Protein chains: 2
Amino acid sequence: MAKKKDENTELQILEAAKNVFQAKGMDGARMQEIADAASINKAMLHYYFRSKQLLFEAVFKNAFAMLAPQLNIILNDESSIEDKVKNFTSSYISFIIKHPYLPNFIIQELNRNPAFLQKIQENSTLLNIDKFKKRVELEISQDILKPISGEQLFINILALNIFPFVAKPLIKAFTKEDDAGFKKLMKDRRTEVSEFIIHAIKK
Amino acid sequence: MAKKKDENTELQILEAAKNVFQAKGMDGARMQEIADAASINKAMLHYYFRSKQLLFEAVFKNAFAMLAPQLNIILNDESSIEDKVKNFTSSYISFIIKHPYLPNFIIQELNRNPAFLQKIQENSTLLNIDKFKKRVELEISQDILKPISGEQLFINILALNIFPFVAKPLIKAFTKEDDAGFKKLMKDRRTEVSEFIIHAIKK
DNA sequence: ACATTTGTTAACCAAATGGTTAAACCAAGC
DNA sequence: GCTTGGTTTAACCATTTGGTTAACAAATGT
């Protein structure tokens, strides 16, 4: 019946599509380029994924799923805010240094088509900051933290961690660093960012 | 010689092109759609701007130029770091609330083609953080600020101000806010962000 | 008035692009 | 060995897209 090569081809396609889509976006990507990158015939893309749209969605879902475990550190674990921040920052930045195209890809395509989020949102715990907010309020009432809204703190944490990778060309221009220098700046941020946040919120 | 409508048409095109490019990006934008939005014939786009690429560059340069005065607050004025932060934050966020597509547009296209920066970089004072860094070092030596590298502080300031607008769909999903709620969150940030930063860096 | 320049339009074009098809290929079961 | 059914390929197709052209309209200079 089925060849063994079956699954292999599908993975080859997904890997190639990931690279092309992340580099060029949905609109900029070409099916032929994906086929070339996967060393297969263009018709195979449609045989396995029916359309560019469906192939893209498969890639996007994979990409988004890679970030979920990171976000859970902030949103759903039981530790203190300080630990959440330290833990998330070092873990997230290390992770993104290995997958530098990921944040930009997700943000770019989410802006192009915000409806994608609802398609993924079945996993409701992932996009729910209630638990985080409760913990923030608790620690404020315990005089551990200065007053701040949970939403704003959450936005700030994401911003400080994610933004530099999204704005990499801009930051490289300002700091006049090359790729190696930029990477070093980012590595430093694994501790710098959590210190910055802790200083800002701790009483 | 020239009709009076001359300049008017060019501005109509630029305005329409701005809207379409900012909403769909270079790759997603269609010349026909821009022509329709400007209520003119498609051939006019080429008559005034020769090619899609050149029209895009005109739009991009305009967009980038709008941000320059904002950045100068941080980089080139003579005030203290605290004043720079307060001044920039309230001014920048108010500005972006009026032009919400701008940051995402610029970041997206800079990632697609980082070479655009060099085309603009003739204005060297805009992309130079030396003066800002010197001021940071001065205030650290005066015991006004906690030790922090100028680069990292600059990245943090940009991140906290720009990121929420770039990641708007994500933030709307997390906070479960509608457009009005999101806008309110952003307005709050005009003071929240500077307080956050000041707390983080002031001794 | 009239020639010239500039602005505008509709029709057209070649290339690129996502997608389809029909035939070939090939491993497995009989 | 040959049938069967999923896999792969080359050729093809319709549409879209950026760009061009040639004719026409409106100003302007003289």
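Remember, it's a predicted structure, so these values are computed and weren't measured experimentally. Below, chains carry the letters A, B, ... as their sequence lines are ordered, and counting in each starts from 1.
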Sorted by number, residues from residues 23-42 of chain A placing a heavy atom under 4.0 Å from DNA chain C are A:A29, A:R30, A:M31, A:K42

Nearest to side-chain heavy atoms of B:M44, which nucleotide of D:dG18, C:dT9, C:dT20:
C:dT9

Let's see if you can work this out: which of D:dT8, C:dT21, C:dG19 has an atom nearest to the side-chain heavy atoms of A:T9?
D:dT8

Which of parallel (below 30°), tilted (30 to 60°) and perpendicular (above 60°) describes B:F174 and A:F154?
perpendicular

Can you name the residues that form a ring-ring contact (aromatic ring centres under 6.0 Å, His included) with B:H99, not counting sequence neighbours?
B:F95

Between A:K133 and A:E137, is a salt bridge (Lys or Arg N to Asp or Glu O under 4.0 Å) present by the stated rule, with each step listed?
CA-CA 6 Å; A:K133 274 172 70 178; A:E137 283 157 23; 5.5 Å; no

Rounded to whole Å, CG of A:L55 lies from C1' of C:dG19 at a distance of 13 Å

How long is the line joining CZ of B:R50 and C1' of C:dG7, in whole Å?
18 Å

Kindly say whether B:I157 contributes a backbone atom to a donor-acceptor pair with the side chain of B:N161 at under 3.5 angstrom?
yes

Can you label the angle between the A:F105 ring and the A:F56 ring as parallel, tilted or perpendicular, going by 30° and 60°?
perpendicular

Closest of D:dG6, C:dT6, D:dT20 to the A:Y47 side chain is D:dG6

Salt bridge (Lys or Arg N to Asp or Glu O under 4.0 Å) assessment of A:E33 paired with A:K24
CA-CA 11 Å; A:E33 192 180 353; A:K24 312 216 168 169; 3.2 Å; yes

What nucleotide among D:dG18, C:dT21, D:dT7 has an atom nearest to a side-chain atom of A:A43?
C:dT21

Measure from NE2 on B:H46 to P on D:dT17 and round the result to the nearest Å.
13 Å

